[in-house]
Amino acid sequence: MLAVLGSCDGAGLDTDEAKLGSLAFEVPATWERTNHEPSGARSAMWTPLADENARKESVTVIRTVAYVDPERLANGGLGQLLAGAQGSLLGARISPVTPFQTRRGFTGAKIEVTFQAGAGASRYRRIHAVLLEPGTGGLVHVMYTAANPDNKLTAFYTVLESIHHEGA
């Protein structure tokens with residue numbers, strides 16, 4: 001069963017357009033960007049200004065190349081990879097994988113996990129979605145992490161639902 005997301009359209013949230021390669025999407029306007037370039041991936045994280053981040057929130061977008069056959073990913077393999085990726089988190093409690101499709105036509109899967117940030121540290125909640133990038137065989141990861149998450153997950157859904165190829 002494929003769910004269509006849409007629990008938040010970013011209404012009431014001031015946003016700016018951000019880009020990661022040829023992908024464009026909306027991010028909270030007052031959040032700061034930090035770029036990362038791990039091997040084989042492009043990554044950027046957005047966080048509120050330090051003195052405005054009582055929730056300890058972040059949204060990370062990562063664009064990678066799929067190392068697995070895209071057809072296998074489209075037929076359930078994506079959920080298996082997504083669930084397996086959460087295993088390295090300390091004390092992880094993992095939800096079932098939920099397949100979905102964005103309003104802009106990307107298909108993907110998402111999972112929710114709570115974990116401990118370190119020994120004796122607070123528990124965090126992460127929502128991790130992975131989209132299949134049409135025509136490229138690439139993957140787009142969107143992760144929202146917070147110690148005290150926004151109940152509506154506004155920043156997460158704003159980014160996720162706005163992802164599109166530039167010019168599309």
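Just so it is clear, the values below take in all heavy atoms, side chains as well, and ignore hydrogens, waters and symmetry mates. Keep in mind it's a predicted model, so treat the numbers as computed, not measured.
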ask   = Is there a side chain to side chain contact (heavy atoms under 4.5 Å, CB included) between S43 and T60 once you walk through the steps?
value = CA-CA 7 Å; S43 173; T60 303; 3.8 Å; yes
query = For the residue pair L23 and F106, what are the closest heavy atoms and their distance?
reply = CD2-CZ, 4.4 Å
request  = Report yes if some heavy atom in the side chain of R33 is under 4.5 Å from a heavy atom in the side chain of T47; otherwise report no.
outcome  = no
R63 and E133 ion-paired at < 4.0 Å = yes
note = Shortest non-hydrogen pair, A83 vs I94, comes out as O-CD1, 4.3 Å
inquiry  = Name the residue from H128, E112, E57 that meets the side-chain hydrogen bond (donor to acceptor under 3.5 Å, both in side chains) definition with Y144.
reply    = E57
message = Counting only heavy atoms from other residues, nucleotides and ligands, does the tally under 6.0 Å from CG of D51 exceed 12?
response = yes
inquiry  = Using only atom types and a distance under 3.5 Å, with no angle test, would you say the side chain of R126 pairs donor to acceptor with the backbone of Q86?
reply    = no
inquiry  = Ignoring hydrogens, what is the shortest heavy-atom contact between R123 and Q116? Give both atom names and the distance.
reply    = NH1-N, 3.9 Å
request  = Could you tell me whether the side chain of V27 reaches within less than 4.5 Å of the side chain of V59, counting heavy atoms only?
outcome  = no
ask   = With side chains defined as the heavy atoms from C-beta onward, is the minimum distance between P28 and L13 less than 4.5 Å?
value = yes
ask   = Quick one: are V140 and I62 in side-chain contact, heavy atoms under 4.5 Å?
value = no
task = May I ask you to check whether T114 and R125 show a side-chain donor-acceptor distance below 3.5 Å?
result = no
ask   = Does a side-chain heavy-atom distance below 4.5 Å link L131 with I163?
value = yes
ask   = When you check the gap from the basic side-chain N to the acidic O, do E166 and K19 get nearer than 4.0 Å?
value = yes
task = State, to 0.1 Å, how close L160 and T102 come at their nearest heavy-atom pair, and which atoms those are.
result = O-CG2, 4.0 Å
ask   = How far apart are the C-alpha atoms of L89 and V113, what are their side-chain angles, what is the distance that settles it, and do they pass the side chain to side chain contact (heavy atoms under 4.5 Å, CB included) test?
value = CA-CA 9 Å; L89 297 172; V113 60; 3.9 Å; yes
query = What heavy-atom pair brings L82 and A109 nearest, and what distance separates the two atoms?
reply = CD2-O, 3.4 Å
request  = May I ask you to test the I127-M143 pair for a side-chain heavy-atom distance under 4.5 Å?
outcome  = no
task = Go through the steps to decide whether L132 and L139 satisfy the test side chain to side chain contact (heavy atoms under 4.5 Å, CB included), and finish with yes or no.
result = CA-CA 5 Å; L132 295 173; L139 301 174; 3.5 Å; yes
message = Just verifying a value: how many Å separate I111 CD1 and T98 OG1, rounded to the nearest 0.5 Å?
response = 8.5 Å
ask   = Taking the six-membered ring where the residue is Trp, are the ring centres of W46 and F25 under 6.0 Å apart?
value = yes
task = Flag yes if L20 and M45 sit in one hydrophobic cluster, no otherwise; membership is Ile, Leu, Val, Met, Phe, Trp, Tyr, and two members link when side-chain heavy atoms are under 4.5 Å apart.
result = no
ask   = Does a donor on one side chain and an acceptor on the other come within less than 3.5 Å for S162 and E26?
value = no
inquiry  = If you compare all heavy atoms of T145 against all heavy atoms of Y124, which two are closest, and at what distance to 0.1 Å?
reply    = CG2-CD2, 3.9 Å
request  = Kindly indicate whether the side chain of F115, heavy atoms from C-beta on, has any atom under 4.5 Å from the side chain of R93.
outcome  = no
